[in-house]
Asks: 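Before I ask anything, let me first share the structure, which is written out below as structure tokens.
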Amino acid sequence: MAPLRILCIHGYRQNSGSFREKTGALRKLLKKSVELVFVDAPLSVPQTPAPQTPGGSCDVSSDKETSSGPLVEAGPLVEANPRGWWFSDVAFCSFSALQKCEVSLGLDQSVTAVRDAVKILGPFDGILGFSQGAAFVAMLCSLQERNLEPAFHFRFAILVAGFRSACAEHERFYESTLQIPSLHVFGQEDRVIPDHMSKDLLPVFKDPQILTHPGGHFVPAASAHRETYKDFLKIFQ
């Protein structure tokens, strides 16, 4: 039986390499049945966010000199290359899940990056996202179900420490209930994305499956979680 192929979407200030390292326990837990493929977000996060000069703008293009780019699978850990899927603060080129905003910056480039990754590295059975990446996965699922991205054919989604975007222009992604099967994973002691924020995302999905753990902001992969992951994934094998 061929393993399920899952596209992995990292969190804010991570990249494909660092996320691959941080999910080592999950890869080991599911190695016989799942292949995880990691890609970079296209936005380079400034090390020290600063307001733009009048007429200036954030750099939302891929950094070819420091990144393997959105189409290359993960290499070694590169903590010095933080990436993001969109900025909630367009003046400072930064992101906070708690920040309310009218418009964001960079989301279109990120959708294009995932579309290209699917075409070049795919096909994929499912998609997994962490933190900002999980919030982005919900948006991608919405685009898929509205037939706005014909390249997407994800059969399931796994969202770890996900949340609803607080940006007003993203409300369109939550207007209808998503039919895609989903597993939502969140920690009861998460101080970055409190569990109530992850719970607020649940009504967006029809019949969401839930895995909670007593820890914080990470992808859980203890033996106690094995059966939940496998019971969810075996439906698609």
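For the numbers below, each heavy atom of this structure counts, side chains included, while hydrogens, waters and symmetry mates do not.
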Asks: In residues 27-34, what donor-acceptor pairs under 3.5 Å come from side-chain atoms, sequence neighbours left out?
Replies:
unit_1 : atom_1 : unit_2 : atom_2 : d
R27    : NE     : R20    : O      : 3.4
R27    : NH2    : R20    : O      : 3.1
S33    : OG     : L30    : O      : 3.4

Asks: Would you indicate whether the side-chain heavy atoms of L128 and T23 approach each other to under 4.5 Å?
Replies: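 No, side chains not in contact.
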Asks: Looking only at heavy atoms, what is the nearest atom pair of I193 and A97, with distance?
Replies: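 Closest heavy-atom pair between I193 and A97: CD1-CB, 3.6 Å.
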Asks: For D231, what residues pass the salt bridge (Lys or Arg N to Asp or Glu O under 4.0 Å) criterion, not counting sequence neighbours?
Replies: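 Here the qualifying residues are K234.
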Asks: Would you say D89 and C101 make side-chain contact, with heavy atoms under 4.5 Å?
Replies: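 A side-chain contact is absent here, since even the closest heavy-atom pair is not under 4.5 Å.
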Asks: If I take atom CG from residue L43 and atom SG from residue C93, how far apart are they, to the nearest 0.5 angstrom?
Replies: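 Atom-to-atom, L43:CG and C93:SG are 9.0 Å apart.
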Asks: Kindly give the cluster partners of V103, where membership spreads through any ILVMFWY side chain lying under 4.5 Å from a current member.
Replies: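 Hydrophobic cluster check, V103: no partners found.
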Asks: Checking R164 side chain against M197 main chain: does a donor-acceptor pair fall under 3.5 Å?
Replies: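 No, because the side chain of R164 does not come within donor-acceptor range (under 3.5 Å) of the backbone of M197.
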Asks: Set out, in order, the CA-CA distance, both residues' side-chain angles and the distance that settles side chain to side chain contact (heavy atoms under 4.5 Å, CB included) for L143 and L148, then state yes or no.
Replies: CA-CA 5 Å; L143 292 173; L148 297 177; 3.9 Å; yes
Asks: Taking the side chain as everything from C-beta on, heavy atoms only, tell me whether F19 gets closer than 4.5 Å to L36.
Replies: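 Counting from C-beta outward, F19 and L36 never come under 4.5 Å.
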Asks: Do H217 and S131 get their side chains close enough for a donor-acceptor pair, meaning under 3.5 Å?
Replies: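 Side chains of H217 and S131: pair found under 3.5 Å.
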Asks: Side-chain contact, heavy-atom cut-off 4.5 Å: F173 with S165?
Replies: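 Counting from C-beta outward, F173 and S165 never come under 4.5 Å.
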Asks: Are the side chain of Q179 and the backbone of T177 linked by a donor-acceptor contact shorter than 3.5 Å?
Replies: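 A pair under 3.5 Å: yes.
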Asks: Can you run down the salt bridge (Lys or Arg N to Asp or Glu O under 4.0 Å) pairs that involve residues 210-226, sequence neighbours left out, and say none if there aren't any?
Replies: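 Pairs touching residues 210-226 that pass the test: none.
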Asks: Between atom OG of S198 and atom NE2 of H184, what is the distance when rounded to the nearest 0.5 Å?
Replies: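 One finds 9.5 Å between OG of S198 and NE2 of H184.
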Asks: What pair of heavy atoms forms the shortest contact from S110 to G84, and how long is it?
Replies: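 Scanning both residues completely, I find the closest heavy atoms to be OG-O, 4.3 Å.
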Asks: Out of curiosity, does F87 fall in the hydrophobic cluster containing V137 (side-chain heavy atoms, cut-off under 4.5 Å, transitive links)?
Replies: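 Linked, V137 and F87 end up in one cluster.
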Asks: Keeping N15 on the side-chain end and D40 on the backbone end, is there a donor-acceptor pair under 3.5 Å?
Replies: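 Pair absent, no side-chain N/O of N15 close to backbone of D40.
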Asks: Of all residues at least two apart in sequence or in a different chain, which pass the side chain to side chain contact (heavy atoms under 4.5 Å, CB included) check with S104?
Replies: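 In terms of side chain to side chain contact (heavy atoms under 4.5 Å, CB included), with neighbours along the sequence ignored, S104 is linked to W86, L107, C167, E169, H170.
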Asks: Restricting to pairs with a member in residues 128-142, which pass salt bridge (Lys or Arg N to Asp or Glu O under 4.0 Å), not counting sequence neighbours?
Replies: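 The answer is none; no pair qualifies.
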Asks: Quick one: closest heavy-atom pair of P46 and R13, and the distance?
Replies: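 Nearest pair, atom of P46 first, then R13: O-NH2, 3.6 Å.
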Asks: Just jot down the ring pair (Phe, Tyr, Trp, His ring centres under 6.0 Å) partners of Y174, sequence neighbours excluded, or say none.
Replies: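 Y174 satisfies ring pair (Phe, Tyr, Trp, His ring centres under 6.0 Å) with no residue once adjacent residues are dropped.
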Asks: Taking it one step at a time, do L7 and L121 satisfy side chain to side chain contact (heavy atoms under 4.5 Å, CB included)?
Replies: CA-CA 9 Å; L7 181 64; L121 299 175; 5.5 Å; no
Asks: In the structure I gave you, are the side-chain heavy atoms of L233 and I6 within less than 4.5 Å of one another anywhere?
Replies: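 Side-chain contact under 4.5 Å: yes.
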Asks: Could you pull out every donor-acceptor pair under 3.5 Å between side chains of residues 151-160 and any protein atom, sequence neighbours left out?
Replies:
unit_1 : atom_1 : unit_2 : atom_2 : d
H153   : NE2    : P150   : O      : 2.9
R155   : NH1    : F236   : O      : 3.2
R155   : NH2    : D125   : OD1    : 3.1
R155   : NH2    : F236   : O      : 2.6

Asks: Can you list everything that forms a side-chain hydrogen bond (donor to acceptor under 3.5 Å, both in side chains) with Q237? Sequence neighbours excluded, please.
Replies: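 Partners of Q237 under the side-chain hydrogen bond (donor to acceptor under 3.5 Å, both in side chains) test: none.
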Asks: For residues 138-150, which residue pairs qualify under salt bridge (Lys or Arg N to Asp or Glu O under 4.0 Å), counting only residues two or more places apart or in two chains?
Replies: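 Qualifying pairs: R115-E149.
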Asks: Taking S88 for its side chain and S96 for its backbone only, find out whether a donor-acceptor pair lies under 3.5 Å.
Replies: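 Between the backbone of S96 and the side chain of S88 there is a qualifying donor-acceptor contact (under 3.5 Å).
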Asks: Is any side-chain heavy atom of V185 less than 4.5 Å from a side-chain heavy atom of L211?
Replies: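 Side-chain contact under 4.5 Å: yes.
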Asks: Roughly how far, to the nearest 0.5 Å, is CD1 of I9 from CE of M139?
Replies: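 Answer rounded to 0.5 Å: 12.5 Å.
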Asks: Show me the donor-acceptor pairs, under 3.5 Å and distance only, between side chains in residues 200-210 and residues at least two apart or in other chains.
Replies:
unit_1 : atom_1 : unit_2 : atom_2 : d
Q209   : NE2    : D207   : O      : 3.4

Asks: Do the side chain of W85 and the main chain of G11 share a donor and acceptor less than 3.5 angstrom apart?
Replies: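 No, the answer is negative, given that no donor and acceptor are paired below the 3.5 Å cut-off.
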Asks: Same cluster or not: are V90 and V45 linked, directly or through other Ile, Leu, Val, Met, Phe, Trp or Tyr residues, by side-chain heavy atoms under 4.5 angstrom apart?
Replies: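 Shared cluster, yes.
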Asks: My understanding is that only residues two or more places apart in sequence, or in another chain, count here; which of them pass side chain to side chain contact (heavy atoms under 4.5 Å, CB included) with F218?
Replies: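 Residues passing side chain to side chain contact (heavy atoms under 4.5 Å, CB included) with F218: H213, P220.
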Asks: Heavy atoms only: give me the nearest Q188-P214 pair and the separation to one decimal.
Replies: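 Smallest heavy-atom distance, with atoms named: OE1-CA, 3.7 Å.
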Asks: Give a yes or no on whether V118 and I180 share a hydrophobic cluster (residues Ile, Leu, Val, Met, Phe, Trp, Tyr; joining criterion: side-chain heavy atoms under 4.5 Å apart).
Replies: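 Same hydrophobic cluster.
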Asks: Donor-acceptor check, side chain of R5 to backbone of P123, threshold 3.5 angstrom: yes or no?
Replies: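 Judged by distance alone, yes, a pair lies under 3.5 Å.
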Asks: With heavy-atom distances below 4.5 Å as the criterion, would you say the side chains of F124 and C8 are in contact?
Replies: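 Result no, sub-4.5 Å side-chain heavy-atom pair not found.
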